Amino acid sequence: KNEVEQSPQNLTAQEGEFITINCSYSVGISALHWLQQHPGGGIVSLFMLSSGKKKHGRLIATINIQEKHSSLHITASHPRDSAVYICAVIFNTDKLIFGTGTRLQVFP
Amino acid sequence: NAGVMQNPRHLVRRRGQEARLRCSPMKGHSHVYWYRQLPEEGLKFMVYLQKENIIDESGMPKERFSAEFPKEGPSILRIQQVVRGDSAAYFCASLGQGGGTDTQYFGPGTRLTVL
């Protein structure tokens with residue numbers, strides 16, 4: 001059983017739609033990361049959270065420590081947002097444990 | 001201000017050869033992680049190194065794989081006697097200090113193909 005679960009696995013949207021990707025994990029963590037992997041394969045760190053909410057442009061990430069759940073929201077989605085979005089957590093060591101990723105396609 | 005650099009970006013090896021993957025962390029960063037992404041699979045942790053020390057190698061296969069991060073120069077992930085199952089994208093990430101609360105900056109990855 002994967003310690004980090006993401007949903008949905010695949011997501012398609014029309015340009016302009018509001019998008020939510022969910023991540024849940026099994027035990028207490030010290031931090032949670034949201035990453036973006038583009039079709040070319042490069043990985044970009046979007047957010048690192050240990051509590052609350054963070055916003056960067058059209059991206060918003062929230063985390064609920066009690067419920068062991070985080071969400072990544074994209075407002076006014078655009079085709080260039082098409083990528084794989086990966087949730088990764090740090091438990092009691094420094095290494096990242098990754099979710100399986102959510103493949104997002106935004107159509108014009 | 002260069003980011004994390006990895007080379008080569010693409011590496012082709014025949015079965016039985018050795019593969020050496022290099023990772024130069026961001027300037028001032030002394031912590032490096034290596035991750036592997038098998039085709040159609042998620043990222044998996046391999047090893048965590050600080051300068052001259054292996055901190056956690058619990059994700060490394062027991063044989064043929066080794067990693068180092070010398071005092072001078074890049075971190076190197078070495079795969080001896082490669083097999084087809086080693087074909088994957090290998091990413092490194094660096095951060096300035098450990099503790100789990102720092103952002104990890106990823107390199108562009110090395111795509112290893114074993115023929």
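Predicted, not measured: the structure shown is a model, and the values here were computed from it. So that the names make sense, note that chain A is the first sequence line, chain B the second, and so on, each numbered from 1.
Residues B/F91 and A/I43 have side chains in contact (heavy-atom distance under 4.5 Å, counting atoms from C-beta outward). In this structure the side chain of A/M48 never reaches within 4.5 angstrom of the side chain of B/Q104, judged on heavy atoms.
A 6.0 Å sphere centred on CZ of A/R103 holds no more than 12 heavy atoms belonging to other residues, nucleotides or ligands. Under a cut-off of 6.0 angstrom, the local environment of CD in B/Q81 is sparse, with at most 12 non-hydrogen atoms contributed by other residues, nucleotides or ligands. In this structure, A/Q14 places its CD atom where more than 12 heavy-atom neighbours from other residues, nucleotides or ligands lie under 6.0 Å away. By the 6.0 Å contact criterion, CZ on B/R15 is open, its count of non-hydrogen atoms from other residues, nucleotides or ligands being 12 or less. Annotation for A/K53: atom NZ does not count as buried by contact number, only 12 or fewer foreign heavy atoms lying within 6.0 Å.
A search for salt bridge (charged side-chain N to carboxylate O under 4.0 Å, His left out) contacts involving B/R20 returns B/E18, not counting sequence neighbours.
For A/I86, the part sitting under 4.5 Å from any heavy atom of chain B is the side chain, from C-beta outward, and nothing else. The part of A/L35 that comes within reach of chain B is its side chain, from C-beta onward, which places non-hydrogen atoms under 4.5 angstrom from that chain.
No other option in B/E41, B/K44, B/Q37 has as many heavy-atom pairs under 4.5 Å with chain A as B/Q37.
Separation of the B/Y35 and A/F98 ring centroids falls under the 6.0 Å cut-off.
Taken to the nearest 0.5 Å, the CD1 atom of A/I90 stands 10.5 Å off from the CZ atom of B/F45.
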